[in-house]
Each structure stands twice: as C-alpha cells, then as structure tokens.
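Heads up: the structure comes next, in structure tokens.
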Amino acid sequence: MFKDKKVVFSGVQPSGMLTLGNYLGAIKNFSAFSDEYHCYYCVVDMHAITVRQNPAELRRRTYDTLALYMACGLDPEKNVLFVQSHVPAHAELGWILDCYTMFGELSRMTQFKDKSAKNADNINAGLFTYPSLMAADILLYQTEMVPVGNDQKQHLELARDIANRFNGVYGDTFVVPDPYIAKTSARIMSLAEPTKKMSKSDENENAVIRILDDKDTVIRKFKRAVTDSGCEVCRGEGKEGIENLMSIYSAVTGKSFEDIEAEFAGRGYGDFKLAVGETVADSLAGVRSEFARLSADKKYLEDVMAEGAGEAARAAQRTMSKVRRKLGFIEPKRG
Ligand code: AQP
C-alpha cells in the first residue's frame with residue numbers, strides 16, 4: 001500500500017462512546033495525514049482493560065470505534081485501520097519495553113495518578129505500565145509522528161525517552177517519534193467542570209458531548225454548560241467555561257478568538273451557547289449518518305479489521321525481528 005513514506009500512528013481506547021474531545025483533539029486531524037504518510041490508526045482495546053470493562057460493551061465499542069474512524073473520514077484503502085489485540089506484537093514489545101522503563105518515570109505520569117484516584121479499588125499493574133505499552137504501539141511501526149491531544153504529551157515524551165534509551169544501548173533500532181498536537185483543540189474541557197478534561201468515561205452525561213449525540217442533545221448540553229456570572233464572550237480570569245466554548249467554536253469554524261469576540265460582542269452567553277451548539281451539531285451530522293451506515297455492516301467492519309491487522313502485523317514483525325536480534329533472543333524458526 002505504501003512506499004517511501006514516513007509513518008503516522010495513533011490510537012483511541014474503546015473505553016466509552018467517543019467525545020467531542022476525542023474528535024477535535026485527535027480523530028478529526030487523522031485524515032489530514034493520509035495522503036502524505038503511511039498511517040496506522042488503531043483501536044487500543046488492550047489499553048482499555050486497564051480499567052474494568054463490561055465484555056459485551058467493550059466488543060461493541062471496538063466495532064463502533066472502527067466505524068467512527070471511517071465515518072470521520074479515514075479511508076481503509078489509504079490507512080491501516082486495526083484492533084490492537086489482533087497484533088500480538090504490541091504485547092510482546094510492551095513487555096520488552098517494560099524492562100527499559102523506570103519505576104520512577106511511570107510514577108510521575110499524571111494520567112496514572114488521575115486514573116488511580118478514580119479507580120482506587122483497581123490500581124492494577126497495567127494501569128501503571130500503560131505508557132510502555134503505548135510506547136510499544138508507536139515504536140513498533142517506526143513512527144515519525146503521533147497526532148494526540150495534549151493529555152497524551154507526557155506519555156509521548158516517555159515513549160521518546162524509552163526509544164532513545166534502547167537505541168543508546170543497542171544502536172539505532174527505533175525511530176524517535178514527535179507528537180502532533182492541534183493548537184485550539186488540544187484540550188477540550190468538561191462542560192460541567194471546565195477545569196477538568198472532557199473524558200469519554202465521565203459519568204455525568206451533561207459534561208460530555210458524544211460524537212453521536214443528536215442535534216437536540218448537543219444544543220441542550222451546550223445550553224447547560226457551566227460558565228460564569230458575566231456576560232462578555234472573551235477570555236479571562238475565572239472564564240474557563242467560556243474559553244472552552246470559544247476553543248470548541250474556533251476548532252469547528254476555523255475562526256480566531258478575536259473574530260469570535262467581535263462576532264458575539266454585546267450578545268450575551270445565551271446566543272453564544274446556542275451558536276456553538278448548532279455549529280457543533282451541524283459539523284457532526286455527516287459523521288452520525290455515515291456511522292449509522294457503516295456500523296450496520298458488521299461483516300464489512302470485520303473485513304477492514306482483518307485486512308488492517310494483517311498489514312500491521314507484517315510491519316510489526318520487521319521491527320520485532322530487529323529487536324529480538326539486538327536483545328540476544330533466538331529468532332524462532334517459522335514452519
Ligand atoms: N478532552 C480532550 N481534548 C482533546 N483531546 C482529547 N483526547 C482525549 N480527551 C481529549 C485525545 O483523544 C485521543 C484518544 O484518547 P484515548 O482514548 O487514548 O484516552 P484518553 O486520552 O484517556 O481519553 P478519554 O476520553 O479521557 O478516555 P477515558 O475516559 O477512557 O480515559 C488521544 O489522542 C487523546 O489525547
């Protein structure tokens with residue numbers, strides 16, 4: 001499929017119905033790379049089980065996430081779309097990289113601290129070593145660039161450190177990846193608590209816009225969004241709620257913050273919230289209808305998964321042969 005192109009890799013966990021944060025911070029940017037790069041986009045189900053999942057829901061969300069990738073514009077002819085657990089090399093390299101990742105480094109990861117606080121009864125080893133599996137996901141494909149939201153920046157820096165450490169011991173093995181972080185949509189905040197990131201696993205439905213929410217729901221959630229007691233649409237101390245809505249509106253329309261301030265000068269929050277709601281809902285309408293079409297065809301989704309896993313596994317094997325050789329493992333004879 002690809003020749004002489006640099007590699008892009010990214011993934012999304014099927015840990016809930018995807019949010020506007022996942023869309024604007026990550027998926028919406030994926031298709032921009034499809035022509036110039038070899039793109040691997042993965043549904044990272046192995047990461048999702050670091051938090052307890054209902055098996056039937058995990059299975060359904062894995063299909064749904066793949067369908068959403070395509071509904072958001074990822075053409076399986078131009079991108080390798082696959083499911084992480086279908087390519088066992090992720091787990092294999094994940095273990096190897098665990099042995100090149102320091103306890104102190106993992107202890108400093110803010111996502112581990114946040115998720116341990118949220119899941120105090122299930123602080124498992126996988127939650128702790130999540131970043132070395134994520135490094136494996138990326139390094140397996142000799143990835144140059146990783147489009148992610150701002151919350152993944154720290155994990156990506158660790159992936160770079162792990163790659164450099166391994167390369168330092170064994171000589172050039174892995175490409176050292178760079179993050180690609182969109183400017184205005186890098187961190188979409190919760191509509192209920194605008195100092196907190198919008199997360200798909202948030203239990204408060206009013207805090208989260210789901211990509212598949214219908215128009216009325218989107219508008220209702222934006223109308224309820226927590227703001228402040230003022231009325232001016234602008235950034236400033238204590239205006240995190242309005243700033244979040246401005247970032248969302250800017251990401252969807254391409255307008256600058258100055259243009260948005262001018263457009264809503266003297267019009268109050270009600271008007272602004274309605275405009276954000278309508279604009280977001282309209283921008284997602286095409287994704288919703290395409291998702292409905294694709295998700296009805298399970299056989300097609302399974303064909304895409306199988307094709308993607310085959311292609312990904314071949315690329316992953318090239319890296320694994322190199323890694324095994326460098327480590328001193330005996331390459332197994334293939335029968
Ligand atoms: N609020 C956000 N703003 C911008 N980008 C975001 N991303 C997530 N939330 C926001 C980006 O979406 C991609 C996929 O995320 P993930 O599935 O790997 O897990 P996450 O970062 O932990 O996302 P969630 O929604 O918060 O999931 P849960 O609730 O399961 O933990 C990543 O590129 C991420 O940066």
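Quantities reported herein were computed from a predicted structural model and do not represent experimental measurements. Both ligands and their constituent atoms are indexed starting at 1 by order of listing.
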Short N or O distance, Ser199 and ligand 1, threshold 3.5 Å exclusive: yes
I'd like to check whether Pro147 has a polar contact with ligand 1, where a contact means an N/O of the residue lying under 3.5 Å from an N/O of the ligand.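 Min N/O separation from ligand 1 is not below 3.5 Å for Pro147.
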If you have a sec, work out which protein heavy atom is nearest [atom] and how many Å separate them, to one decimal?
| atom | answer |
| --- | --- |
| atom 16 (P) of ligand 1 | Lys200 NZ, 3.6 Å |
| atom 9 (N) of ligand 1 | Lys197 NZ, 3.3 Å |
| atom 30 (O) of ligand 1 | Ser15 OG, 2.7 Å |
| atom 31 (O) of ligand 1 | Lys115 NZ, 2.6 Å |
| atom 6 (C) of ligand 1 | Gly21 O, 3.4 Å |
| atom 28 (P) of ligand 1 | Ser201 OG, 3.5 Å |
| atom 1 (N) of ligand 1 | Ile188 O, 2.7 Å |
| atom 12 (O) of ligand 1 | Asn22 ND2, 3.2 Å |

Do the side chains of [X] and [Y] get close enough for a salt bridge, i.e. N-O under 4.0 angstrom?
| X | Y | answer |
| --- | --- | --- |
| Lys239 | Glu243 | no |
| Glu278 | Lys215 | no |
| Glu205 | Arg210 | yes |

Flag if over 12 foreign heavy atoms under 6.0 Å of CD, Glu36: no
Find all atoms of ligand 1 within a distance of less than 4.0 Å from any non-hydrogen atom belonging to [X], and give their numbers and elements.
| X | value |
| --- | --- |
| Gln111 | 22 (O) |
| Gly25 | 4 (C), 5 (N) |
| Arg187 | 3 (N), 4 (C) |

Aromatic ring centroids of [X] and [Y] under 6.0 Å?
| X | Y | result |
| --- | --- | --- |
| Phe103 | Phe128 | yes |
| Phe174 | Phe166 | yes |
| Phe9 | His38 | no |
| Phe222 | Tyr269 | no |

Would you be so kind as to tabulate the donor-acceptor pairs closer than 3.5 Å made by side chains of residues 154-161, with sequence neighbours excluded?
{"unit_1": "Gln154", "atom_1": "OE1", "unit_2": "Thr110", "atom_2": "N", "d": "2.8"}
{"unit_1": "Gln154", "atom_1": "OE1", "unit_2": "Thr110", "atom_2": "OG1", "d": "3.2"}
{"unit_1": "Gln154", "atom_1": "NE2", "unit_2": "Arg108", "atom_2": "O", "d": "3.1"}
{"unit_1": "His155", "atom_1": "ND1", "unit_2": "Gln152", "atom_2": "OE1", "d": "2.9"}
{"unit_1": "Arg160", "atom_1": "NH1", "unit_2": "Pro177", "atom_2": "O", "d": "2.9"}
{"unit_1": "Arg160", "atom_1": "NH1", "unit_2": "Asp178", "atom_2": "OD1", "d": "2.8"}

If you measure from each non-hydrogen atom of Gln13 to ligand 1, which part falls under 4.0 Å: side chain, backbone, both or neither? both
Where does Ala26 meet ligand 1, judged by heavy-atom distances below 4.0 Å: at the side chain, the backbone, both, or neither? side chain
Tell me whether the NZ or CZ atom of Arg235 lies within the 45° cone about the ring axis of Phe257 and under 6.0 Å from its centre. yes
Measuring from the heavy atoms of [X], does anything fall under 4.0 Å of ligand 1?
| X | value |
| --- | --- |
| Met189 | no |
| His47 | no |
| Ala186 | yes |
| Thr19 | no |

Tell me the nearest of Thr50, Asp151, Val148 to atom 35 (O) of ligand 1, using heavy-atom distances.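 Comparing heavy atoms across Thr50, Asp151, Val148, the nearest one to atom 35 (O) of ligand 1 lies in Asp151.
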Tell me, please, which residues at least two apart from Asn29 pass side chain to side chain contact (heavy atoms under 4.5 Å, CB included).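 Applying side chain to side chain contact (heavy atoms under 4.5 Å, CB included) to Asn29 gives Tyr180, Ala182.
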Quiz question: by atom type and distance under 3.5 Å, do the side chains of Asn79 and Ser34 form a donor-acceptor pair?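 Yes, because at least one side-chain N or O of Asn79 sits under 3.5 Å from a partner of the opposite role on Ser34.
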